[in-house]
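Lettering of chains follows the sequences in order, A, B, ..., and the numbering in each one begins at 1.
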Number of protein chains: 4
Amino acid sequence: MSQRWGQVLPPREEQYELKRRAALEAAANAFNAHGFYKTSLGDIAAELGVTKAALYYYFKSKDEILFECHTLAIEAMTSLPAISEDLSGLQKVEAFVLGYVDMIVQSFGRCLVLTGTHPLEPENAEKCRAGRRRVHDLLVDMINTGVKDGSIRSQDARLTANFIFGALNWVAQWHRPDGRDDIVRISHDVKDFVINAIAADVSTKEGA
Amino acid sequence: MSQRWGQVLPPREEQYELKRRAALEAAANAFNAHGFYKTSLGDIAAELGVTKAALYYYFKSKDEILFECHTLAIEAMTSLPAISEDLSGLQKVEAFVLGYVDMIVQSFGRCLVLTGTHPLEPENAEKCRAGRRRVHDLLVDMINTGVKDGSIRSQDARLTANFIFGALNWVAQWHRPDGRDDIVRISHDVKDFVINAIAADVSTKEGA
Amino acid sequence: MSQRWGQVLPPREEQYELKRRAALEAAANAFNAHGFYKTSLGDIAAELGVTKAALYYYFKSKDEILFECHTLAIEAMTSLPAISEDLSGLQKVEAFVLGYVDMIVQSFGRCLVLTGTHPLEPENAEKCRAGRRRVHDLLVDMINTGVKDGSIRSQDARLTANFIFGALNWVAQWHRPDGRDDIVRISHDVKDFVINAIAADVSTKEGA
Amino acid sequence: MSQRWGQVLPPREEQYELKRRAALEAAANAFNAHGFYKTSLGDIAAELGVTKAALYYYFKSKDEILFECHTLAIEAMTSLPAISEDLSGLQKVEAFVLGYVDMIVQSFGRCLVLTGTHPLEPENAEKCRAGRRRVHDLLVDMINTGVKDGSIRSQDARLTANFIFGALNWVAQWHRPDGRDDIVRISHDVKDFVINAIAADVSTKEGA
DNA sequence: AATGAATGAGCATTCATTCAT
DNA sequence: AATGAATGAATGCTCATTCAT
């Protein structure tokens with residue numbers, strides 16, 4: 001079959017991944033729109049034009065679907081565009097914030113924040129929490145770096161990271177992709193907000 | 001019985017309210033701990049030492065229970081200790097933030113943030129959203145006041161309010177009442193965080 | 001109390017009966033309007049302005065309430081105004097029909113026909129069926145009498161009685177007390193219908 | 001499997017309809033035997049040897065099951081064997097009565113009469129009432145035809161139709177399929193009963 | 001690679017009934 | 001004579017999951 005169609009159709013294996021990915025995307029969007037528990041496997045299947053049972057060819061449970069969504073989001077977060085080592089702590093935070101907001105407004109990022117870990121089975125929930133802790137530590141390290149190099153005022157880095165994640169994650173709650181606030185504007189403003197909140201002194205601040 | 005025990009037992013009407021309140025508290029805590037959908041009415045009833053059916057004497061549905069939790073939280077938020085009119089916009093925000101954090105870490109406040117409106121029936125969900133919009137507007141007004149009186153730097157007040165609510169609400173996600181971070185410490189730090197983020201210039205800032 | 005009010009208030013015992021009767025009437029009407037199973041004890045109580053629990057002072061179960069309604073109806077049917085012995089079988093049937101229709105459109109009569117015996121506990125159901133059999137036999141006897149005295153054409157009396165009861169009972173289904181067909185008219189027409197159906201020959205018929 | 005067994009097994013689609021129909025039949029019989037409310041979905045499922053949940057593959061609610069039973073009954077009633085146009089009004093009624101009795105003693109016909117519309121959701125109840133009104137009108141028209149052509153004595157056609165339906169429907173109440181009165185006998189007798197009741201004069205009557 | 005059919009477990013909800021007061 | 005409060009049992013319904021085809 002794939003030979004008859006020449007190179008038009010991707011090889012079977014790749015098709016599998018493609019479909020799997022499409023299913024995850026559809027699932028994440030449905031979860032974001034109506035909540036995990038108000039989204040049945042039938043809903044997701046219908047969205048894809050297949051049967052409930054077909055999903056079990058790609059996933060072994062509803063839990064796994066959510067887990068994969070979370071995993072993809074966490075992977076995206078931990079592999080944000082490499083941040084140059086030359087930058088000051090504050091500049092690193094700035095770069096991180098910009099990259100993070102971009103993630104958080106997409107399907108999987110929103111899913112991570114909006115759905116939370118409650119629905120996950122204990123084992124998977126723990127894996128996700130570990131992943132999020134890694135992301136958290138990333139930011140904490142940057143803050144500590146900044147405090148040491150004098151670009152960030154002295155403060156409890158762990159708490160501060162939580163505040164920042166709060167401001168960023170919350171975007172997923174109120175931002176509507178089709179709304180009036182385009183994401184570029186938001187990124188810029190939230191970056192200013194965070195930088196002002198933590199910068200050591202006025203001279204390093206922007207947007208004031 | 002009530003005569004024999006003197007004034008120890010409250011009158012029946014008050015007992016009703018007391019029990020109802022206790023049920024709401026138990027429900028909110030259960031929702032916060034395991035999520036709305038993983039909490040069955042049986043769980044809540046068991047926690048209270050009564051039967052599932054007994055809950056229906058006080059509430060007409062599971063939905064109503066959640067709705068009441070949200071309503072109580074919203075009422076608490078809109079009736080935060082009156083903030084003096086003499087204060088600058090920035091000072092008002094400061095007072096608001098401190099009061100808000102106190103609410104958000106309690107049963108109903110956490111429930112509001114953690115459960116969200118997805119599980120609610122459309123009608124009740126809309127009422128809650130309206131309530132939250134009122135709270136949002138409260139903060140927006142303070143920010144605008146601050147911009148006018150020069151205590152807060154110029155910026156999009158609506159967006160800024162969202163960032164602040166993000167930092168504050170997120171506390172409900174990561175703070176464990178029994179954890180190492182006591183709430184006084186958090187309140188103080190998050191207040192500094194917010195004030196620094198929005199203040200007009202360094203002279204008005206604290207905690208740097 | 002009853003002395004203070006002189007003879008105005010009936011003696012306590014009679015009051016009990018009065019209230020009991022009122023409750024039965026309310027129950028029958030509710031059953032007729034919405035069906036036995038869609039009528040809760042709370043509905044009946046509300047109609048009477050008392051509490052669900054109060055009904056248990058007068059009846060020991062919902063089943064008993066329905067049973068009493070049926071019993072009252074059957075009593076009314078078996079004690080229709082005595083029919084003179086001098087009459088022909090056909091004339092007896094005529095008198096019976098007129099009396100029966102009057103019963104069937106009232107609360108308890110309608111309740112008997114509309115509710116049926118399904119909801120009753122086996123024991124009570126059997127009692128009711130026995131009562132209805134007695135009524136049935138009453139009519140069968142009249143028909144047999146008529147066949148013997150030549151006023152009614154020869155036919156299976158048991159079957160014929162069933163047909164007649166069908167025509168009569170069905171009135172409870174379609175007749176609305178507030179509707180356009182007043183009961184006098186109906187009585188007259190259904191009597192003609194029945195008489196024509198069973199009379200021996202045209203000479204005895206009316207209403208043609 | 002279906003190949004191995006040749007044409008013995010009907011195609012899948014047809015099997016679906018067959019099972020659905022069997023479920024309806026089982027339901028109707030159970031309703032007739034114990035009443036709608038004393039019949040749980042579990043009872044029906046058990047009768048069919050499947051699970052409660054399996055029924056939801058074929059019907060979306062208990063209400064729908066009853067509604068379908070009623071619908072089938074009404075369809076059967078409105079599509080009684082076409083009655084020749086050449087017949088007199090009286091002869092048409094005669095044909096109608098015979099056909100109707102055949103329906104009323106079968107599962108769905110009995111269900112229609114015995115269960116009534118109370119249990120149905122308002123919307124479905126209204127549809128059923130409309131259907132029954134159509135059947136009623138059918139008979140009214142025949143009577144009016146008969147009055148015009150002189151075969152039926154002058155009388156209120158609507159009331160008369162009600163009396164006839166009463167005699168016919170009531171058969172569902174007292175007739176036991178396994179009883180001593182076979183349905184042929186009943187049909188014949190009730191037809192005589194009705195014809196005598198409405199015929200214009202003795203010459204057209206039968207069975208006297 | 002996907003489907004139709006069926007299952008089992010769980011859950012919210014209703015309601016007749018009880019009982020201390 | 002009546003009530004408030006609570007119970008237990010039953011029931012309709014949903015949904016993730018399975019499996020033969």
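Listed nucleotides: E:dT7, F:dC13, E:dC15. Nearest to the side chain of D:Tyr56: F:dC13. Of the candidate nucleotides E:dA6, E:dG4, E:dC15, E:dA6 has the atom lying nearest to any side-chain atom of D:Tyr58. Nearest nucleotide to the A:Ala54 side chain, out of E:dC15, E:dT3, F:dC15: E:dT3. Closest contact between the side chain of A:Tyr57 and the listed nucleotides E:dA1, F:dA5, E:dT13 involves E:dA1. When each of F:dT17, F:dC19, F:dG8 is scored by its nearest atom to the side-chain atoms of A:Lys52, the top-ranked nucleotide is F:dT17.
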> For DNA chain E, what is the dot-bracket line, given that a base pair needs Watson-Crick (N1 to N3, plus N6-O4 or O6-N4) or G-U wobble (N1-O2 and O6-N3) geometry with both distances under 3.5 Å, and | means paired with another strand?
Replying inline: .||||||||||||||||||||
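The minimum heavy-atom distance between A:Ala23 and A:Ile44, with the atom names listed, is O-CG2, 4.2 Å. Scanning both residues, B:Leu24 and B:Phe108, for their nearest heavy atoms gives O-CE2, 3.6 Å. Summarising the geometry of B:Ala27 relative to B:Ile65, their closest heavy-atom pair is CB-CG2, 3.6 Å, with the distance given to 0.1 Å. Residues D:Leu66 and D:Pro119 come closest through the heavy atom pair CD2-CB, 3.9 Å. In plain terms, the two heavy atoms of C:Asn32 and D:His118 that are nearest each other are O-CE1, 3.5 Å.
Within 6.0 Å of CD on C:Glu25 lie more than 12 heavy atoms contributed by other residues, nucleotides or ligands. Counting heavy-atom neighbours within 6.0 Å of A:Glu64 CD, excluding the residue itself, gives a total above 12.
Within a heavy-atom distance below 4.0 Å of DNA chain F, no residue of residues 24-41 of chain B is found.
Atom OH of B:Tyr16 and atom C1' of F:dA5 are 11 Å apart (whole Å). Rounded to whole angstrom, the span from the CG atom of D:Leu18 across to the P atom of E:dG4 amounts to 18 Å. One atom, CG of D:Leu55, and another, P of F:dT14, lie 13 Å apart when rounded to the nearest Å. Note: CD (A:Glu121) to P (F:dA16) measures 13 Å, nearest angstrom. The distance from atom CD of B:Gln15 to atom P of E:dA20 is 17 Å, rounded to the nearest whole Å. With rounding to whole Å, A:Asp63 atom CG is found 11 Å from F:dA16 atom C1'. A straight line from CG of C:Leu48 to C1' of F:dA1 spans 14 Å, rounded to a whole angstrom. Rounded to whole Å, atom P of E:dA2 lies 12 Å from atom CZ of A:Phe59.
Between B:Gly42 and D:Thr51, the residue anchored closer to the 5' end of DNA chain E is D:Thr51, taking for each the nucleotide with the nearest heavy atom. Each of A:Lys19 and C:Ala53 was matched to the nucleotide of DNA chain E holding its nearest heavy atom; the match closer to the 5' end belongs to A:Lys19. With the nearest nucleotide of DNA chain F identified for both A:Lys60 and C:Gly49, C:Gly49 has the one nearer the 5' end.
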>> Could you go through D:Arg21 and D:Leu72, starting from their C-alpha distance and side-chain angles, then the distance that decides it, and tell me whether this counts as side-chain contact (heavy atoms from CB on, under 4.5 Å)?
In response: CA-CA 10 Å; D:Arg21 177 74 182 216; D:Leu72 286 171; 4.0 Å; yes
>> Run the side-chain contact (heavy atoms from CB on, under 4.5 Å) test on D:His34 and D:Asp43 for me, step by step, so that the C-alpha distance in whole Å, both residues' side-chain angles and the decisive distance to 0.1 Å come before the verdict.
In response: CA-CA 11 Å; D:His34 314 109; D:Asp43 295 339; over 6 Å; no
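A:Tyr16 and A:Tyr57 have perpendicular rings, their planes meeting at more than 60° on a 0 to 90° scale where under 30° would count as parallel.
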